Amino acid sequence: MHITIVGSGYVGLVAGACFADMGHQVILVDNDQQKLDALNKGQVPIHEKFLPELLDRHRGRSLTFSDDLRSAVQASAAVFIAVGTPPTEQGEADLSYVESVARIIPSAINSYKVVVEKSTVPVYTSDWIRKIILRNAAPPDSFDVASNPEFLREGTAVTDFLYPDRIVVGADTERCASILRAIYAPLTDGSYYQRQDAIPRPDRAQTPPPLIITSTKSAELIKHACNAFLAMKISFINAVASMCESVGANVQQVCQGIGSDSRIGPRFLNPGIGYGGSCFPKDLMAFRAVARECGYEFRLLDEVMRINEDQRRRFVRKVHDALWTLRGKRLGVLGLAFKGGTDDIRESPAVLLVQTLLQEGCKIAAYDPAANERAREVLNASIEYAADAYEAASGADALLILTEWEEFASLDLDRLHQQLKYPIVIDGRNLYDPGTMAARGFTYYSVGRPVATSETLPLQEGAGAKKAIRS
Ligand code: UDX
Ligand code: UDX
C-alpha cells in the first residue's frame, strides 16, 4: 500500500517507520526543511526505542522524506494527517495546520483517496476536513475522511504501535474501511509477528490485535475520552495518596488492593507529581472545550486538572517540610523529562517544579538521562546540568526524584549517601521502598506513604501521619 504521512513529529515519524516495517511504501511529508535534511542524513530527532533501527532499515527505500505534499498525495492511496494540534489560549485545539493540509489535498486527487486523521482532533473535525476538501473542488466520490486515533506513549511508541491493545478505525463507508483494514492487515492477521526480523514483542502484548470499526465521530471521541479517562485515573489515585498521607496509610498497599479488582486494573494507578506531556494536559482542555461547544459542562475534567496542579503544590510543601526554609538550599534533581524513557519536556511537571523551586531561591543541579539538552533550551543557565545522578546529588541539602527513569530506581545507595550533604531524599515517583531507604540511613519522603527515617524503624504505618497533618 502507498501511504503519505503529513507531519514527522512524534506520531507521524513513528507511524511512518512502523508502516514501512509492516511492508508499506511510505512518504513522510513535512514543511520543516531542516527536519527533513536531518532525517535524510540519518539523524533521529527524538529519543524513542527501536526508532533508529527502523529508520536505518527503511530510510531511502520504503520510507522517504519530502516537502512536496502534492506529489506525495498523488502517489498514495491513503494520506494520514499527523501535524500538531496545539492548544489555543482558550484551551481549544488549534486546527489551522490540519486545515492547511486539507486545502492542498484536493489539487492532488488523481484517484480515490482516504484522508485519515491521525492527530488528536475534536469530534467534528472529520466533517470540516470533508467540507474544506469539497470547497476546493474535489468530486464528492473521489475521497473519504477517516479517523484512526493513535494511542502510542512516548518512550514505548514503536512497540505500542506494532503491538497495540486494539486498532480503532472510524470510517463511514465500506470502501474507506477496506483500505484501512488492508493497511493494518499485517498486524490483524498476525503475519508481521511471524517474521524473524519483527520488532520484539513486549511482555503484555496480546497478538493479533482486534480492529474496531466505528463511525468517524465515535473514533474521534474515543481518542479524547481515552486520554481523559487515563488522566482521571491518575488524578484519582493522587487524591487517594493525599488521603493516605493525612491518615498515615500507604498508597502502594491501597493500589494493590484496588488495582487487583479486574474492573479497575493496576495500570495508570501510580501516584506522583501529576501527569504532564504533550497530550494529557492539552487533550483534557480540548475535550472540555468540545463538550462545552456541544452544550455539556464536563466539570469532572476541571477537577481532574485541579488535582493535577495541586499535586505539584503538595510536593513543594513536602520539600519545605523536609528542609524548613528554601532560600539558598542546594537541591539535586533527578529527572527533567515529563516521564521516563523520553527526552520530551513538554508540560513536564519536573521542569515546572524546578522553576517553582528556583523562584523560592533554591540552587539546583539536575540530571536527566535524555532530556538535559532539551531542558537547557527552557531553563538555560538557571540550573547546573550534571553528568550523572551522583554528580547531581553532590553536596546537596536533599535529592529530589522527579521522573520515573528505570536507572533512578537502582542507584548505589551508599554512594548516594556519601555524595549528599544531608541524606534526605524526596521521591515524587515512589521508586524506593521506604523501609529500605530508612535502613540505609536516609530520611525518605515519597507520595502517599509515611515518611521514613532511621528513627521510624521498624517501619510503623502511622509514623509520617503527624507530620503530614501538620503540613
Ligand atoms: C501529534 C498529534 O498531531 C497531536 O494531535 C497529538 O495529540 C500528539 O501527537 P506530535 O507528533 O507530537 O503531535 O507533533 P509535533 O512533534 O509538533 O510534529 C508535528 C510535525 O508536523 C512537525 O514536524 C511539523 O514540522 C509538521 N507540520 C506542521 C507540517 O508538516 N505542516 C504543517 O502545516 C504543520
Ligand atoms: C499518553 C497516552 O498514554 C497515549 O495513549 C496517548 O497516545 C498519548 O498520551 P504519553 O503522554 O506518552 O501517552 O505518556 P503516558 O505514559 O500516558 O504518561 C503521561 C503522564 O502521566 C506522564 O507525566 C506520567 O509520568 C504520568 N503518569 C502515568 C502518572 O503520573 N501515573 C501513572 O500511573 C501513569
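No experiment lies behind these values; they were computed from the predicted model shown. Sequence positions, counted from 1, serve as the residue numbers for this chain.
Not one N or O on the side chain of Thr64 forms a donor-acceptor pair closer than 3.5 Å with the backbone of Gly60. Put simply, the side chain of Ser119 never gets that close to the backbone of Thr85: no donor and acceptor are under 3.5 Å apart. Between the side chain of Tyr390 and the main chain of Asp412, a donor-acceptor pair closer than 3.5 Å is present.
Ion pairing between Arg440 and Asp414 holds under the 4.0 Å rule for side-chain N and carboxylate O. At a threshold of 4.0 Å, the pair Glu154-Lys49 does not count as salt-bridged, since none of the basic side-chain nitrogens sits closer than that to a carboxylate oxygen.
Of all the heavy atoms in Ala15 and Ile5, the pair that sits closest is C-CD1, 3.8 Å. When every heavy atom of Gly335 is checked against every heavy atom of Ala350, the shortest pair comes out as O-CB, 3.5 Å.
Side chain to side chain, His320 and Glu360 meet the donor-acceptor criterion of an N or O pair below 3.5 Å. A side-chain N or O of Arg314 and one of Ser242 form a donor-acceptor pair less than 3.5 Å apart. Side-chain atoms of Thr443 and Thr453 form no donor-acceptor pair, as typed in the model, at a separation below 3.5 Å. No hydrogens or angles considered: a donor-acceptor pair under 3.5 Å links the side chains of Asp427 and Tyr444. Under the 3.5 Å distance criterion, with hydrogens and angles disregarded, a donor-acceptor pair is assigned to the side chains of Arg449 and Ser446.
The CD1 atom of Ile27 sits 11.5 Å away from the OG atom of Ser62 when rounded to the nearest 0.5 Å.
Residue pairs meeting the side-chain hydrogen bond (donor to acceptor under 3.5 Å, both in side chains) criterion with at least one partner in residues 296-305, sequence neighbours excluded, are Arg288-Asp302, Arg292-Glu297, Glu303-Arg306. Residue pairs meeting the salt bridge (Lys or Arg N to Asp or Glu O under 4.0 Å) criterion with at least one partner in residues 386-400, sequence neighbours excluded, are Asp397-Lys421. Among residues at least two apart or in separate chains, ring-ring contact (aromatic ring centres under 6.0 Å, His included) pairs with a member in residues 80-105 are Phe19-Phe80. For residues 28-46, every residue pair satisfying the side-chain hydrogen bond (donor to acceptor under 3.5 Å, both in side chains) rule, not counting sequence neighbours, is listed here: Ser8-Asp30, Gln33-Asp37.
A cation-pi geometry, defined here as NZ or CZ lying under 6.0 Å from the six-membered ring centre and within 45° of its normal, does not hold between Arg59 and Phe65.
The ring-ring contact (aromatic ring centres under 6.0 Å, His included) check on Tyr10 picks up nothing, with sequence neighbours excluded. Not counting sequence neighbours, Glu48 has no partner by the salt bridge (charged side-chain N to carboxylate O under 4.0 Å, His left out) test. In this structure, the side-chain hydrogen bond (donor to acceptor under 3.5 Å, both in side chains) partners of Tyr184, at least two apart in sequence or on a different chain, are Lys118, Asn148. By the ring-ring contact (aromatic ring centres under 6.0 Å, His included) test, His417 pairs with Phe442, sequence neighbours left out. Not a single salt bridge (charged side-chain N to carboxylate O under 4.0 Å, His left out) links Glu92 to another residue, sequence neighbours left out. In this structure, the side-chain hydrogen bond (donor to acceptor under 3.5 Å, both in side chains) partners of Arg57, at least two apart in sequence or on a different chain, are Asp21.
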Determine, step by step, whether Val145 and Thr125 satisfy the side chain to side chain contact (heavy atoms under 4.5 Å, CB included) criterion, reporting the C-alpha distance in whole Å, the side-chain angles of both residues, the deciding distance to 0.1 Å, and the verdict. CA-CA 10 Å; Val145 181; Thr125 308; over 6 Å; no
Show the numbers, then the answer: is there a salt bridge (charged side-chain N to carboxylate O under 4.0 Å, His left out) between Lys318 and Asp321? CA-CA 5 Å; Lys318 229 167 251 174; Asp321 268 0; over 6 Å; no
For residues 375-384, please give each side-chain donor-acceptor pair under 3.5 Å, one per line with the distance, not counting sequence neighbours.
| unit_1 | atom_1 | unit_2 | atom_2 | d |
| --- | --- | --- | --- | --- |
| Ser382 | OG | Leu379 | O | 2.5 |
| Glu384 | OE1 | Arg330 | NH2 | 3.1 |
| Glu384 | OE2 | Arg330 | NH1 | 3.2 |

Side-chain donor-acceptor pairs of residues 222-238 under 3.5 Å, sequence neighbours excluded:
| unit_1 | atom_1 | unit_2 | atom_2 | d |
| --- | --- | --- | --- | --- |
| Lys223 | NZ | Glu150 | O | 2.5 |
| Asn227 | ND2 | Asp283 | OD2 | 2.8 |
| Lys233 | NZ | Ile264 | O | 3.1 |
| Lys233 | NZ | Gly265 | O | 3.4 |
| Lys233 | NZ | Arg267 | O | 2.6 |
| Ser235 | OG | Val304 | O | 2.8 |
| Asn238 | OD1 | Gly272 | N | 2.9 |
| Asn238 | ND2 | Ile234 | O | 3.4 |

